[in-house]
Protein chains: 2
Amino acid sequence: MTDASFGGVTPDAARRLLLGAVDAFAERGFHATTTRDIAGRAGMSPAALYIHYRTKEELLFHISRVGHEQSVAVLAEAVEQAPDCAARLAAAVRAFVRWHAEHHTTARVVQYELAALEPEHYELIVALRRRSEEILRGVLEDGVASGRFAVDDIRGTTLALMSLCVDVARWFRPEGRRTPDEVGALYADLALRMAGDCGAAPAGVTSSSG
Amino acid sequence: MTDASFGGVTPDAARRLLLGAVDAFAERGFHATTTRDIAGRAGMSPAALYIHYRTKEELLFHISRVGHEQSVAVLAEAVEQAPDCAARLAAAVRAFVRWHAEHHTTARVVQYELAALEPEHYELIVALRRRSEEILRGVLEDGVASGRFAVDDIRGTTLALMSLCVDVARWFRPEGRRTPDEVGALYADLALRMAGDCGAAPAGVTSSSG
DNA sequence: GTCTATATCACGATAGAC
DNA sequence: GTCTATCGTGATATAGAC
């Protein structure tokens, strides 16, 4: 099992099913995954799944909700702790990317299997996702207002930043040449460049801003 | 039908099936799409599909191959025509993004349904995709060598650029607030910033190539 | 709560008439 | 080449014993 994010889920069988579903969905996709496969990974019979979850889709919804809540929390925490807006952007992107790399299995399900959710579940998840976008956009807006960043199209740049961070879940492999932290650091630098950050690059010239 | 990229496919029924498959795969994903659905969109019976294609997977392979070949061609052409390396990067990203936005239906299938391909087909497609990456990396390398760009991690930055461009296919909607050309222009500007382009106008003044 | 066994259904793909 | 009809398979989900 790739992920420790569902440690709080009880009973034990429900958690094992959840972890099995994450792995299976990430590998094959929701529709190509069978309930037999999920139950098998959890060491149970196919029927046992339905004791803990009403449908296969409910499993996906559970994974998506917990995953999104976690990534939003990570992002929000990173933004809170940084002193100025350049540090906030760097910390936000770094933390968000690191989460998507470390939890790439969960993240892949969370980000790329949304279409398989039932309409009302989908709406709920999209609302969560919008919060991530708003946090990032807020950082960009502050930086532009304070003169630290130079961005014409804030919405468009936010969208691009989200794209960049989220897509890490698609290509990241733990056996690859970069650690989650290294990808986070690279992407934080790229984000500052995209934001037109003038104060950072050459020699540690930092102008504090609100 | 959203796409005119398969105009050369004959006979007519084979093309209609291909176009139906593109739409269906883009909407629901490969595994959630039924052969009945594809045939229905083409105005035919389920059995007719098997006159023109051996399996459902063969349809996906055909779409993926043609789509990838087109996007690589668009990218290669853009790179060839530009005079210097900054113009090359801008033109490459602009053209590549525009293709992914204009052909977002095809592009979505091409980029996000690869996992459903049979192993040998998958390998063939991945080889095509690698060529896109190499073109972009080449532009970055030239720019760094000539001193025009400032990039530490060329491979990583290439990966990020690819991510950014390709992900356009996931979120782009024709009814959204930006045209394919506008997204292309924005992303070309962002790409120059990511490359640390020093010779361009001061940060924030988006005088990108248009 | 978990199992074995199974109901029910829809899928991909084929057969054979025209 | 296209149709109607259908085969065989494997899917989700349920029933009922333990």
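The figures that follow rest on heavy atoms only: side chains count, while hydrogens, waters and symmetry mates do not. The sequence lines fix the lettering, A, B, ..., with proteins before strands; numbering per chain opens at 1. Only a predicted model underlies this, so the values are computations on that prediction, with no experimental measurement involved.
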* To do: Using a 4.0 Å heavy-atom cut-off, write out nucleotides 11-18 of chain D from 5' to 3' as B (base contacted by protein), S (sugar-phosphate only) or - (no contact).
  => BBBBB---

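A perpendicular orientation is assigned to the rings of B:H62 and B:Y53, their planes being inclined by more than 60° (bins at 30° and 60°).
In this structure, the CZ atom of A:R15 is 16 Å from the C1' atom of C:dG1, given to the nearest Å. Rounded to an integer number of Å, the gap from B:H52 NE2 to D:dC3 C1' is 12 Å. Remark: P of C:dA13 and CD of B:E58 are 10 Å apart, rounded to the nearest angstrom. Taking atom CG of residue B:D37 and atom C1' of nucleotide C:dA10, one finds them 13 Å apart after rounding to whole Å.
In this structure B:R177 satisfies the salt bridge (Lys or Arg N to Asp or Glu O under 4.0 Å) test with no other residue, sequence neighbours excluded.
Panel note: side chain A:K56, backbone A:F30; a donor-acceptor pair is recorded below 3.5 Å. Under a 3.5 Å cut-off, the side chain of A:R108 and the backbone N or O of A:A169 do form a donor-acceptor pair. A donor-acceptor contact shorter than 3.5 Å is absent between the side chain of A:E113 and the backbone of A:L60.
Within 6.0 Å of CZ in B:R65 there are more than 12 heavy atoms belonging to other residues, nucleotides or ligands.
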